[in-house]
Undergrad: 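Okay, here's the structure, questions in a sec.
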Amino acid sequence: MESQTLQLPHKIYINKQKLKQESIIYGILTICCLFGFWYGTGKFFTADYYYPKMVILMPICFIILLIETIKKYKTASNNEALFSFSEQGVELFDKDYAGIGIIPWSEITGCSENETGGSYFGSAKMKLLSINVKNPLVYLDKMKNSSRRKKIIKFNNKNNINSVYHIESVNLGVDITQLKRTIYQMAEKANS
């Protein structure tokens, strides 16, 4: 069965259900770290034994997992659209991209999905969906957040792409194949 394109105009939101489930899992792991610390200290040094490695490792794991839990929950509580497609182009709603406005389809060359290690754990890979344009610096110079701009430029240089926006593709509340097909078809239509 062939995947269809998205109807325009179309707003793209976060997959709230998936992120809430992930935040619950991270929360449970965070509580497990507290139990591990309690056990490792010999029930807060009341027992005759304790495990020094667990006493050192568990607070570190607790802090990392707590940060991830809060980030996932904060992202899941976002009720606003991330970006939207219209006949004119793509509009980004992230506060860092407020100055960019609408990116016309004639400037968009397509999209790409890149794997990157983006978590505290080395083996965890994330797939980032990037919206590529002819000249990203035109749009990136309009960004208010200079540290975010530098990260995107570094990401572009590392992956040899001309991206103006990227997001973790599994967090999107839309079929990625349809999304990519829509971007390519609209860009091709505008550039022909």
Side-chain angles (χ1 to χ4, degrees), residues 11-84 92-98 111-131 140 143-161 163-180:
K11 291 186 176 184
I12 309 297
Y13 293 90
I14 287 286
N15 186 346
K16 288 177 167 290
Q17 182 180 2
K18 183 180 183 307
L19 283 172
K20 284 182 181 178
Q21 289 172 349
E22 286 180 3
S23 69
I24 290 170
I25 291 169
Y26 277 106
I28 291 170
L29 291 173
T30 304
I31 292 170
C32 289
C33 286
L34 282 177
F35 174 76
F37 180 74
W38 174 76
Y39 182 77
T41 60
K43 301 176 181 137
F44 292 123
F45 305 106
T46 57
D48 293 334
Y49 62 90
Y50 78 99
Y51 302 98
K53 290 179 183 175
M54 284 184 75
V55 171
I56 294 169
L57 184 64
M58 286 299 126
I60 294 168
C61 291
F62 172 79
I63 291 169
I64 291 171
L65 288 169
L66 183 64
I67 290 170
E68 284 295 315
T69 302
I70 293 169
K71 281 173 41 178
K72 295 280 183 189
Y73 184 77
K74 187 177 176 184
T75 305
S77 62
N78 181 7
N79 292 326
E80 298 175 12
L82 298 171
F83 54 94
S84 72
L92 307 172
F93 296 121
D94 191 329
K95 65 181 178 194
D96 294 335
Y97 295 90
C111 63
S112 59
E113 241 181 329
N114 302 299
E115 272 194 7
T116 182
S119 71
Y120 298 103
F121 313 106
S123 62
K125 296 283 184 183
M126 294 186 326
K127 281 192 174 184
L128 294 177
L129 179 73
S130 303
I131 298 176
L140 295 178
M143 288 179 66
K144 295 177 181 178
N145 188 338
S146 62
S147 64
R148 180 86 181 252
R149 180 184 325 118
K150 289 176 185 176
K151 285 180 185 179
I152 293 174
I153 292 171
K154 183 178 178 182
F155 178 80
N156 288 349
N157 292 335
K158 179 182 174 190
N159 293 295
N160 199 23
I161 58 174
S163 170
V164 71
Y165 181 76
H166 56 263
I167 187 164
E168 195 174 347
S169 57
V170 295
N171 289 343
L172 297 176
V174 68
D175 181 24
I176 299 302
T177 308
Q178 285 183 337
L179 180 67
K180 290 177 7 182

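Everything numeric in this text was worked out from a predicted model, so none of it was measured.
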Undergrad: Report yes if the distance between the aromatic ring centroids of F62 and F37 is under 6.0 Å, otherwise no.
TA: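 For F62 and F37, the ring centres are not under 6.0 Å apart.
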Undergrad: Report yes or no: does K72 contribute a side-chain atom to a donor-acceptor pair with the main-chain N or O of L19 at less than 3.5 Å?
TA: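 A pair under 3.5 Å: no.
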Undergrad: Do you know which two heavy atoms are closest between T69 and S23, and how far apart they sit?
TA: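 Heavy-atom minimum between the residues: CG2-O, 3.6 Å.
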Undergrad: Within the 4.5 Å heavy-atom criterion, are L179 and D175 side-chain neighbours or not?
TA: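 Heavy-atom side-chain distance check fails, nothing below 4.5 Å.
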Undergrad: How about CZ on F155, more than 12 heavy atoms from neighbouring residues, nucleotides or ligands closer than 6.0 Å, or not?
TA: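 Counting neighbours around CZ of F155, more than 12 heavy atoms of other residues, nucleotides or ligands fall under 6.0 Å, so yes.
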Undergrad: Between Q17 and N15, does the side-chain contact (heavy atoms from CB on, under 4.5 Å) criterion hold? Intermediate values first, please.
TA: CA-CA 6 Å; Q17 182 180 2; N15 186 346; 4.0 Å; yes
Undergrad: Please indicate whether N157 has more than 12 foreign heavy atoms, meaning atoms of other residues, nucleotides or ligands, lying under 6.0 Å from its CG.
TA: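 Counting other residues, nucleotides and ligands, CG of N157 exceeds 12 neighbours.
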Undergrad: Go through the steps for I161 and H166 under the test side-chain contact (heavy atoms from CB on, under 4.5 Å), then give the verdict.
TA: CA-CA 11 Å; I161 58 174; H166 56 263; over 6 Å; no
Undergrad: Got a sec: does the NZ of K11 have more than 12 other heavy atoms crowding it under 6.0 Å?
TA: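 It does not: K11 NZ has 12 such atoms or fewer within range.
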Undergrad: Between N145 (side chain) and S147 (backbone), is there a donor-acceptor pair under 3.5 Å?
TA: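 Yes; judged by distance alone, with no hydrogens or angles, the pair exists.
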Undergrad: In terms of ring plane angle, is the pair Y39 and F35 parallel, tilted or perpendicular, where the classes change at 30° and 60°?
TA: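 Judged by the thresholds at 30° and 60°, the geometry between Y39 and F35 is parallel.
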Undergrad: Ignoring hydrogens, what is the shortest heavy-atom contact between Y165 and L82? Give both atom names and the distance.
TA: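 In this case the closest contact between Y165 and L82 is OH-CB, 4.0 Å.
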Undergrad: Do K71 and E68 come within less than 4.5 Å of each other through their side chains, counting heavy atoms only?
TA: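 Result yes, sub-4.5 Å side-chain heavy-atom pair found.
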Undergrad: Might you point out which heavy atoms bring P59 and V55 nearest each other, and give the distance in Å?
TA: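 Between these two residues, the closest heavy atoms are CD-O, 3.0 Å.
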Undergrad: Using the side-chain hydrogen bond (donor to acceptor under 3.5 Å, both in side chains) criterion, which residues pair with N156? Sequence neighbours excluded.
TA: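 N156 satisfies side-chain hydrogen bond (donor to acceptor under 3.5 Å, both in side chains) with no other residue.
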Undergrad: Give the minimum heavy-atom separation between S169 and L129, together with the two atoms involved.
TA: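 The pair with the smallest heavy-atom distance is CB-CB, 4.0 Å.
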Undergrad: Work out which heavy atom in C111 is nearest to a heavy atom in K180; give both atom names and the distance.
TA: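 Minimum heavy-atom separation between C111 and K180: SG-CG, 3.4 Å.
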Undergrad: Does K158 reach the side chain of N114, with side-chain heavy atoms less than 4.5 Å apart?
TA: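 Not in contact.
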Undergrad: Out of curiosity, I153 CD1 to L140 CG, how far, rounded to the nearest 0.5 Å?
TA: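 Reported value, rounded in 0.5 Å steps: 5.5 Å.
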Undergrad: Output the distance between atom OH (Y13) and atom OG (S84), rounded to the nearest 0.5 Å.
TA: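 Those atoms lie 9.0 Å apart.
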Undergrad: Please name the pair of heavy atoms, one in E113 and one in K127, separated by the smallest distance, quoted to 0.1 Å.
TA: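 Heavy atoms only, the tightest pair is OE2-CD, 3.8 Å.
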